[in-house]
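Have a look at the structure below before the remarks.
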Amino acid sequence: MPMALVGEPPKRRAAVPSGVLGMLLFVAAEVMFFAGLISAFTITRAGAPPLAWSLPGGVVLPAVETAFNSIVLMMSGVVLVVAHWRLRRGEDAKAARALLAATILGAAFVLLQGREWWGLLSRGVTMQTSTLGAFFYLIVGTHALHAVCAIVGLGVAWWKLRRGALPAGFFYTAETFWYFVVAIWPVIYFRVYF
């Protein structure tokens, strides 16, 4: 008998676990926060002289490389959906593998983004070198911080699942946060990199 999701409400009850409700409120606040950052970016860019909105030394943001990173992140979200389905069907071992894969793909995204940052820093792009550089590191860095926190949550969920005691509310809360990280990224990518 599968025992991975403990404390899951009965099918007839449509209660939202308190952790999920709290996470949804947090995500709503974070959507507003990112909307503010992206709005400031857009307004500043619109008011900047044509040649002033650039990086030093003719450096351009690596949009093509980041497209690959973005695909890795999206794949992580899809694999997390698979983990969710497996858990709901009581296939704990398969769910654990899918959850681990989603976590690893998320970590790969962060590492690939870190490699991108290292390349930009080595070419002299910092928060102080240009307005675009400042906004880039602020917005993408804030997203990276959220991604790292969400990856930790997924990792803890995987560990609890492997032990056979993953509370449904904990999994759904971590899942909700990761979906936010995945969903906000295309908005950031298309606004900041292009």
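- You'll find the side chain of Gln113 reaches within 4.5 Å of the side chain of Trp185, heavy atoms only.
- A continuous path of ILVMFWY side-chain contacts below 4.5 Å connects Phe33 to Val182, so both sit in one hydrophobic cluster.
- Here the side chains of Leu121 and Tyr137 are in contact, with some heavy-atom distance below 4.5 Å.
- Contact record, Leu138 with Thr142: O-OG1, 2.6 Å, taken as the closest heavy-atom pair.
- Of the inter-residue distances, the one linking Leu111 atom CG with Asn69 atom CG reads 10.0 Å to the nearest 0.5 angstrom.
- To the nearest 0.5 Å, atom CG of residue Leu132 and atom CG of residue Leu55 are 4.5 Å apart.
- Heavy-atom contacts from other residues, nucleotides or ligands closer than 6.0 Å to CZ of Arg191 number more than 12.
- A cation-pi arrangement is found for Arg163 relative to Trp159, the charged atom lying closer than 6.0 Å to the ring centre and inside a 45° cone about the ring normal.
- The shortest non-hydrogen separation linking Ser76 to Gly106 is OG-N, 3.8 Å.
- Between the side chain of Ser130 and the backbone N or O of Gly133 there is at least one donor-acceptor pair closer than 3.5 Å.
- Around atom CZ of Phe26, more than 12 heavy atoms belonging to other residues, nucleotides or ligands sit under 6.0 Å away.
- Aromatic ring centres of Phe136 and Phe41 lie farther apart than the 6.0 Å criterion allows.
- Evaluated for a side chain to side chain contact (heavy atoms under 4.5 Å, CB included) with His143, the options Leu73, Val192, Leu37, Val148 yield exactly one hit, Leu73.
- A continuous path of ILVMFWY side-chain contacts below 4.5 Å connects Val81 to Phe177, so both sit in one hydrophobic cluster.
- Both Phe109 and Met74 belong to a single network of hydrophobic side chains, linked directly or stepwise wherever heavy atoms of I, L, V, M, F, W or Y lie under 4.5 Å apart.
- Between Val140 and Tyr193 there is a side-chain heavy-atom pair separated by less than 4.5 Å.
- Not a single donor-acceptor pair under 3.5 Å links the side chain of Thr129 to the backbone N or O of Val125.
- At a cut-off of 3.5 Å, with distance as the only test, no side-chain donor of Trp53 or Thr131 sits close to an acceptor on the other residue.
- At a threshold of 4.5 Å between non-hydrogen side-chain atoms, the residues Arg123 and Pro56 do not count as touching.
- In plain terms, the two heavy atoms of Pro62 and Glu116 that are nearest each other are CG-CG, 3.3 Å.
- With values rounded to the nearest 0.5 angstrom, Thr126 atom OG1 is found 11.5 Å from Trp117 atom CH2.
- With hydrophobic clusters built from ILVMFWY side chains whose heavy atoms lie under 4.5 angstrom apart, Met127 shares a cluster with Ile38.
- Cluster membership for Trp85 and Tyr179, using ILVMFWY side-chain heavy atoms within less than 4.5 angstrom, is shared.
- Taking CE of Met23 as the reference point, atom OG1 of Thr176 lies at 7.0 Å (rounded to 0.5 Å).
- For the pair Ile151/Trp178, a side-chain contact is recorded, criterion being any heavy-atom separation below 4.5 Å from C-beta on.
- Taking the six-membered ring for Trp, Phe34 and His146 have ring centres closer than 6.0 Å.
- Annotation: Tyr189 is in aromatic contact with Phe194 [ring centroid separation under 6.0 Å].
- Side-chain atoms of Phe68 and Val72, non-hydrogen and from C-beta on, do get closer than 4.5 Å to each other.
- Separation of atoms CG (Asp92) and CZ (Arg97) is listed at 11.0 Å; rounding is to 0.5 Å.
- Between the CG atom in Leu80 and the CG atom in Leu154 there is a gap of 6.0 Å [rounded to 0.5 Å].
- Side-chain atoms of Phe171 and Leu99, non-hydrogen and from C-beta on, do get closer than 4.5 Å to each other.
- Across all their heavy atoms, Val79 and Ala101 have their closest contact at CG1-CB, 3.9 Å.
- Taking 4.5 Å as the limit, some side-chain heavy atom of His84 sits within range of a side-chain heavy atom of Tyr172.
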